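Please read the structure below before turning to the comments.
Note that the structure is predicted; figures quoted are calculated from it, not measured. Below, chain A is the first sequence line, B the second, and so on; all start at residue 1.
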Amino acid sequence: MPSRFNQLPETSCQKPVAKFLSFLITCLLFFVTFYLLPNPAFAAGPPNKGAQYQMPVLVLKYFPTTDGVNLDSSVTGVTATLADIRTKVDRITTETEAALQAGSTYHGYKDPSATQDLTYSIIDSKEYDTTLPLGIEVPWKPGSGIYRPDYGTILTNLNICNYVNNQGLREIWLYGWQYGNIEPAESVMSGPNGDISNSGGGNFNMPVCSKSYVLYNYNYGRDTPEAVHDHGHQIEIMLEHIDNTLMQDKFIGPWSTYSTNDGSGSNFHRCGWTHVPPNTGLEYDYANTRFSWTDCENWKYDGSGQKVNVNCSEWACDQTKFHTWRWQNMPGKNNPDPTLSNWWDIVGDIDTAIANHEQLYYPASASPSPSPGAGWTLTFTGGSGTTANFSISPAAGTGSVLIITDLSAPNNFVSIPSGATSISFPNAPNGTHHAVINYLSVNVSNIVDFTVNNGVVMTSTANPQPCSNPVVTDNLADNYITDENGDPQGSTGANIPEALKFTVSATGSIGSQPSISKTMNFTVDFSKLQALFGASNSNYLEGQYQNQDHALSNLLGMNSSQLQKQFSPTDKTVPKVATDALRKNYVNYVYNKPTIAESGTKYSDYNNQDPKTVYDLVTKYGLPNPPSFGGNSTTWVSTWGKYWEKLPTTYNEFSIGKLEFRPVNGIKAINDLKAGVPGSCFPLTAIRTVEFPVPNFFRTAQTSGTLNQVIVPKAVQSPQNGLIDMRYLVSGIASTTTGFIQNCFKFASNNPITNVFKKVVKISMDYLDRHFTANAASAEATNLQYTLSATCSADGTFSINFTWMPGSYPPYSPLSQWLDYSLSSDISAALNTIPPYAKGVNVTGQSSVTVNGFTPNVTWYWRVNTDWGPYLGSWHPSTTAQFTTPTCASVGTSSAGAISNSSCIKISKNGKAGNAPFCAIYPTKFDPAVVGQPNVLPGECKEDSTSIFKLNDQKNVNCTFTFTWKSADYANLTIPATGNGVWDSCTDPSVGSRTCTLTVYVWPDFRIPYLGQIWNNTLYSDTTEGLPTLQQTGRTGVYTFFTPKGSLEYDPIPEQLANCKTNPDLNSPDCQAISRYAEANFAGFDNCVMKLMVTIIDNKSAMLQCFIGLYAGYTKTLPGQTNTSVQGVNTNNVLGVTDSQTQKERLIGATDCGKHFVRDVVLKPKALQEALGIKTQCNMSASAEIPPGSNTTTSPAPTPSLPPPSNCASVSDGNPANGIETSRDELVCYISQVAAGKVEKITGQPLDQIMIRVMDAESSGGNQCAVGLDDEIGIFQYIAGTWKTVGWDGKPGEDSGSGTYDQYQGGRTVCWGLPGADPNLNTSDSLRSWPLNFGANIDGDAWNPYHQIDATATEMEVSGGCPWSTFRGFFPGVCP
Amino acid sequence: MTNFSLTKIKPFAKIGLVVISLVVGVILITIIFASITQKSAPKKVFPSPPPILPKQIQQPEKFQDQLSIIKTILPYSGQGYSIEYLQPVNIINVKIAASSREEFVKTKKVAEDFIKSKGVKDICALNIFWVPTTNLPPKTIQPSELITSGCPVIPK
């Protein structure tokens, strides 16, 4: 049966339907083709990141010559033989090839398993003895006669497409020159996608083949760095073609960081660009030793990669190595970041990358969910016995296994459960192993090494994670945030309730516990917190050991001055056996903790070769065991010994600090605490604790503590383990002296550091949540508070400041208001019966008053009584409050009655403020007691997206913490039957229900690890604190209550001595060790032994007896309290102290004089001080540097060779044949003569200064014989045409000088008295030809620098300096 | 044998005189021409510097303060550079012996750090003139590199 449709006319139905369907399909195809596919949001993620590329290269060499022996320098500007230039070009080719291949090795500098992505090979090479054919004119030099080589013709004649299409050619390296009329393009591309290159524009007519190829035009007048440099630009441009914004703003920039963030101080850049490394803002500044933070070595799109502090030593301060280093940090082959492609795809095959719409970055939302193997990051997290543990990110997919690649199956893998984020490998045998996650051999993770020594998993390779593994310590110092009165910061006067200082009321039956709460907010900007401390102190004490250039220094190449700076005060002062032990501890610690921040630090050997991490060194040489004194060092010096002096003596450790909020209930308790009443300080239970990581403190304390052990007179050193921190001090546990306690609170709450803390906090307005009964307006005064004066007045009494909330009975006002006080709790009775012990003060209309004359050490009672007269029935007293005055002895006496806190601690330097690297806080806690519990509540913190100093990838930077005080948390807050209990006041109990009020202060407390120890090391006391230690009153010095563990373990002698005593064998290692030690250190040792042996038959007993006696004396002389022959001066001279007790003491860390004092006055021998001119004062200039050439520590340095005196006298410029015997200084003098006081017209700036600067720039330092590339001559580089106009006086010319650019470049520095060969003999060049303008060999006296100065002064004063290119360079934008 | 008499030699004398006259004439013409030629050639000149009466350059407000910090150690020779105070003109020159632009910039940074290490707080106020002292090609050092890092061309 025929179809019905067949019967229908074609135009009635079938055709419209077909058209409609066709239209739909077309639209769909269009949509898919032009909308979906190119949009990365719909892309499936990065393509296979394991692709590698062959890069066949054709080398073309142009060596024009006229004699077949030498390069034609008139064409190329290069003077060389053909043989030499061939050798040079071959070397450049080899070096460039190596640099490019190394650069394509992702993280090759730190990942030994990484392999290159690009493999270059020279498939053909051709040499020409002709000049380069001229092509198009340089686009930005129209009419100048400067051309590009004719690449089109060159390549067409070579049938370049045969190379490209049939031999896979990718690049052409053309060697030529930049001279004369040739200015090459650095790179040019031709191919299906056009010219994506650094050519600068223009149509080169290069053949278009099936694939793109790039021609690089090197200049063999330069060298390898410039050739590699060309590739740097080309790679940048190709990547920018794919994603310009990413390259400009994420990988290189933002550009703003380069223009505004350079100079001194901390800094952060991303990866920099071809001209600018990330540690500088200057172009071509590849050798800048300045340190800057960068995330380049762990680059991620969002900037969350780990940041490191680098300077040029990271790339050996070499341009080529900088390019290589930077390329190695570009996301490369098999990079683990699932959002990033392999960028070498773009360089290796840009046509395919474009065709596939490959992106540099694939937003996470578009990337696939964790699939087996894709983008895994495997991280070693530690070991337990022979089990190695790893974390996996993202979670594993089904079918993945952890493989130990160096072991044989079936014992080399563990299946990973789907979704697992961690995995363990058990029973690992001894040796170094390589772990990797593998899925079907298709996708693999990064490879992680770990080591098993003696059946114990030791460590993996360095995996620095600065913030995420902080140490929890009890050594926390309290820093209360207070105002000048000691109240919580944010409260002012009597205006309460406010944030952190509030009063609550509750009404209830007797014995009931009201339920009242108050919620507060407290804001902290953690990005500013770390800047308070920094590590400068410890770094100084360690002799800059924390600097990377210290770790990579060349000790053999240093002179004595540099060596002086290389080694620290600790190194110079502490016996080597001590520093050896410290360094052993350092190696052990860093090796076993791969996550410590400096585990990635590399140390080169003493010759600055073969840099290695601690892990590398241990893997290669085993754990270090430095030889004892006199022991065998043969092996040592060829292994660890090469690196030993580079290693620090301590390490950076991130510790947990705590921010706590500590409430105190009740006016009496508050005032007692502020007054330092014994037992009032603690316990203060925190109602909220927030943990935050703080870097560097351990190091600072450790280092200064180590030094103290040696420097500080033993009398003031603390006993071992006599640890005291500020919390301990404040608590009063250790002391019963009230004065000490009182001052301690001031110390902990009102000091420069806490003052700086205040800059980073903000307390928001509170809100009171009264769940019980808010007390309505009262006719009686409420909120009674008092503040005790800090010291006794001259008459031996205290003054008290009383504050209260006046009674209220709207709309009436009280008739009067009195403040009553008495020694009796029954004030009314006392006022009537026992004067003068009760008094009244008329305070009508007031809410505060200060009353003098309160006798000390008694309890006073007080109230505010309000007379409402007829409105409310006469007098209405408030509840009665009380306070107890302390003794005057406990607080000291101030003659002026003013608050004095000078009796406690002097702090010599304010805390720092500014920017420094910091850690954002973590969402959960680290403290083992509460580990895993929330540290930050949802919504409390926000990311500081603008901060460039953040060291970790957490986002909790600006936080507003919320915390609540609840009456229910205090069991004693019940309504009392009688009296006030712990409340401040309660109403009359007779009615059965009472209303009680309570004032609460909540002190924020920053608890900083090791800060107490650091303070101890940087402060000194001048009064008796009654400390339970050996600290002595009035001694300046360092009270190192903190005793670093390492420093007390260093001395092996006690242990060796003990072993020797118990070992009958005199030849035992321990006896021999102490014997060698004694022979080396004690001059009388041998005689002593010989003498005793006469009477004591036992040799060992004789040796021990002598040793013990000498050793005891030896240790006591170390601090040298009375030894005037060693370092140091009398501190009374330095500090202006006249107390004789301070004689011969030394001060470490006291920052009155700072580190300069420490280094120069304390540590240097007197003879050296005298040699250096150091007086007994803070001689800053003398201390900055030891004079050059000093090669001894005891004799004056020889007088350095100084330059000649600087004046305007005629001095030879080194070339008597020049004609005018003048110097640059003389020319400057003449410029000042003709231009001083005049103004350059365009800029309005002083003419003399501008002329000097332009002269220096034009002729590279005022060289009168300078010849420029454009045939300019003299100090201001005049060309012939200009000189004829502005400098020539019209007189017949004289042949005053001669020389061409080539001659000048060739070393000719004569420009007077030699006829012939003026620049530019081209008589058709009216602008530049000297013969044309003045006649053959005649130059119009243009060589005369004084004539040039005259002419230039006239010119600049009248018409400005725009003709000079350097003038335009100094003042960009001022010229049209 | 031929006997010569005055009568007989007279014609030879006339010819000889002509020849001698011609020779002398040629010599004279040559001398005169040579003299004229020499006069038209340019002479070599060795000019002398004019009398120099230097004037003090006006420096920034803090120049003297900062100068006083380092003045006592000047002139100073560092590695590859020297620091000099040109007193008659009242300027500080730091002369750098560098064989390349890169070396100049590197040494300049070293010198800057040295000056700061001596306690100079405001190095811009010193208004230092950085001077290459080797025969580098003209304009090798960029203008910005002849200015103290981070400072204006003419500090106030």
message: Does any part of the side chain of A/Gln1245, heavy atoms only, come nearer than 4.5 Å to the side chain of B/Val153, both counted from C-beta?
response: no

Considering residues, nucleotides and ligands other than B/Arg101, do more than 12 of their heavy atoms fall under 6.0 Å from its CZ?
yes

* Given side chains that start at C-beta, do those of A/Phe1370 and B/Ile154 come closer than 4.5 Å, heavy atoms only? -> no

Exercise. Please indicate whether B/Gln64 has more than 12 foreign heavy atoms, meaning atoms of other residues, nucleotides or ligands, lying under 6.0 Å from its CD.
Key: yes

The interface call for B/Lys108 against chain A, heavy-atom contacts under 4.5 Å, is neither

Taking every heavy atom of A/Ser1232 against every heavy atom of B/Lys55, the minimum-distance pair comes out as OG-N, 3.0 Å

Residues A/Ser1260 and B/Thr140: closest non-hydrogen pair is OG-N, 3.8 Å

Per-residue tally against chain B (heavy atom, under 4.5 Å) across A/Ala1235, A/Gly1369, A/Ala1257, A/Ala1236 peaks at A/Ala1257

Side chain to side chain, B/Ile91 and A/Gln1249, heavy atoms closer than 4.5 Å
no

Okay, B/Val105 and chain A: the region with an atom under 4.5 Å from a heavy atom over there is side chain

Bottom line for B/Ile96: the part with an atom under 4.5 Å from chain A's heavy atoms is neither

Open item on the list: Counting C-beta onward and ignoring hydrogens, is there a side-chain heavy-atom pair between A/Asp285 and B/Lys109 closer than 4.5 Å?
Closed with: no

Okay, A/Phe1367 and chain B: the region with an atom under 4.5 Å from a heavy atom over there is neither

Turns out that what part of B/Asn127 lies under 4.5 Å from chain A's heavy atoms comes down to both

Review point. Can you find a heavy atom in the side chain of B/Pro138 that is under 4.5 Å from one in the side chain of A/Glu1272?
Key: no

Could you tell me whether B/Gln56 atom CD has more than 12 heavy atoms of other residues or ligands within 6.0 Å of it? yes

Is any side-chain heavy atom of A/Thr1366 less than 4.5 Å from a side-chain heavy atom of B/Leu146? no

Can you tell me if NZ on B/Lys139 sees more than 12 non-hydrogen neighbours from other groups inside 6.0 Å? yes

